2 protein chains.
Amino acid sequence: MNLVGDILRGYTDMLLLAVLEERDSYGYQVNQLLQEKTDGAFSLTEATLYTSFKRLEKQDCIVSYWLETKNQKKRKYYSITSNGKKLLKEKKKEWEEAKALIEQVLQKNHQ
Amino acid sequence: MNLVGDILRGYTDMLLLAVLEERDSYGYQVNQLLQEKTDGAFSLTEATLYTSFKRLEKQDCIVSYWLETKNQKKRKYYSITSNGKKLLKEKKKEWEEAKALIEQVLQKNHQ
DNA sequence: TTGTTATACCTAATCTGTCAATGTATAAAA
DNA sequence: TTTTATACATTGACAGATTAGGTATAACAA
């Protein structure tokens with residue numbers, strides 16, 4: 001959350017789910033993907049990232065499994081569940097609504 | 001903040017400043033204006049509203065003065081300062097950036 | 001007349017997501 | 001051999017938002 005500070009609060013879970021919807025990923029990779037998608041402009045702090053994973057796993061929105069690379073490096077992969085897809089859908093809708101509200105308020109009255 | 005929950009967190013100050021940029025208003029009226037602008041979909045809880053006013057006043061982004069109506073009702077009006085206009089401009093820019101980032105992440109890769 | 005609704009202000013305690021700081025561990029590169 | 005990148009994770013502090021409470025007046029309905 002290095003660039004935009006507190007202003008993205010509440011959207012973290014949605015962003016993680018959006019990344020995981022494309023493919024299973026592990027924490028470090030999720031951040032890399034977020035950076036790729038935003039041309040390096042955005043990534044999460046590790047604390048926020050893993051806290052979010054914990055939260056989502058507790059809600060049965062993601063599940064995790066360990067995989068080992070050739071060179072014995074362990075990675076914890078996360079996979080989105082049907083519950084997670086449902087939440088993502090809801091959060092996207094909420095996002096669209098919130099976006100619309102903000103735009104409506106920012107638009108000036110010309111009467 | 002009744003409809004969209006935590007998802008608008010961090011934008012409260014921007015929204016208040018946007019309303020006050022159009023005209024001086026008092027707390028209760030600000031909420032009415034927010035509701036008008038969003039077709040009844042959005043308003044702030046009073047606690048959030050007055051906390052935000054306090055915060056903005058401390059940062060010299062708004063100033064306040066009391067006015068009385070004919071029927072002795074006292075209203076505390078808020079007026080945006082040059083500092084507030086500057087902050088609003090910054091927050092709008094941040095909002096555009098945050099919006100772009102989110103859209104970039106939500107967009108799927110089609111390759 | 002009494003109760004309710006709308007108007008109008010405000011604060012304290014609590015909740016929750018984010019961040020800074022810290023920790024562990026391995027592999028690769030300088 | 002030290003630094004950088006990779007990879008996981010937790011703790012304490014911070015700050016914005018909500019819940020719940022408070023005061024007070026005016027208008028309206030029962």
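Within every chain, numbering begins at 1; the chains are lettered A, B, ... in the order of the sequence lines, protein sequences first and strands thereafter. All of these numbers come straight from a predicted model, not from anything done at the bench.
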OP1 or OP2 of D/dT6 under 4.0 Å from side-chain N/O of A/Q32: yes
Nucleotide C/dA6, atom P - distance to CG of B/N31 in whole Å: 15 Å
Candidates C/dT11, D/dA17, D/dT10 - which lies nearest the side chain of B/K54: C/dT11
Whole-Å distance separating the NZ atom of A/K58 from the P atom of C/dG17: 10 Å
Nearest to side-chain heavy atoms of B/A47, which nucleotide of D/dT18, C/dG17, C/dC19: D/dT18
Any N/O donor-acceptor pair, B/R75 side-chain to C/dT7 base, under 3.5 Å: no
Euclidean distance, atom CG of residue B/L33 to atom P of C/dA8 [Å, nearest integer]: 12 Å
Sugar-phosphate only, base, or nothing, as touched by A/T51 at under 4.0 Å among non-hydrogen atoms: base
Rounded distance in Å - CD (A/Q29) to P (D/dC8): 9 Å
Any donor-acceptor N or O pair under 3.5 Å, side chains A/T45, A/T48: yes
Sugar-phosphate only, base, or nothing, as touched by B/E46 at under 4.0 Å among non-hydrogen atoms: base
A/L16 CG to C/dG17 P, straight-line distance once rounded to whole Å: 13 Å
Modelled atom types, side-chain donor and acceptor of A/S79 and A/D24, under 3.5 Å: yes
Nearest listed nucleotide, side chain of B/Y26, among C/dA8, C/dA20, D/dC8: C/dA8
N/O (side chain, B/T12) to phosphate O (OP1/OP2, D/dA17) under 4.0 Å: yes
Pair B/K89 + B/E21: basic N to acidic O under 4.0 Å: no
Cationic N near anionic O, under 4.0 Å, A/K99 to A/E96: yes
Among C/dA20, D/dA9, D/dT19, the nucleotide that comes nearest once only the side chain of A/W66 is considered: D/dA9
Atom-to-atom span, CD of B/E57 to P of C/dC9 - whole angstrom: 13 Å
B/K74 vs D/dA24: side-chain N/O to OP1/OP2 distance below 4.0 Å: no
Out of C/dC19, D/dT18, C/dA6, whichever nucleotide has its closest atom nearest the side chain of A/T48: C/dC19
Between P of D/dA17 and CG of B/L49, the distance in whole Å: 11 Å
A/D13/A/R55 salt bridge by N-O under 4.0 Å criterion: yes
Closest to the A/Y50 side chain, choosing from D/dC8, D/dA17, C/dC19: D/dC8
NZ/NE/NH1/NH2 to OD/OE distance under 4.0 Å, A/K85 and A/E90: no
Minimum-distance nucleotide (side-chain atoms of A/Y28 versus C/dC10, D/dT19, D/dA5): D/dA5
Value in whole Å for how far the C1' atom of C/dG17 lies from NZ of A/K91: 12 Å
Nearest to side-chain heavy atoms of A/R9, which nucleotide of C/dC9, C/dT18, D/dC8: C/dT18
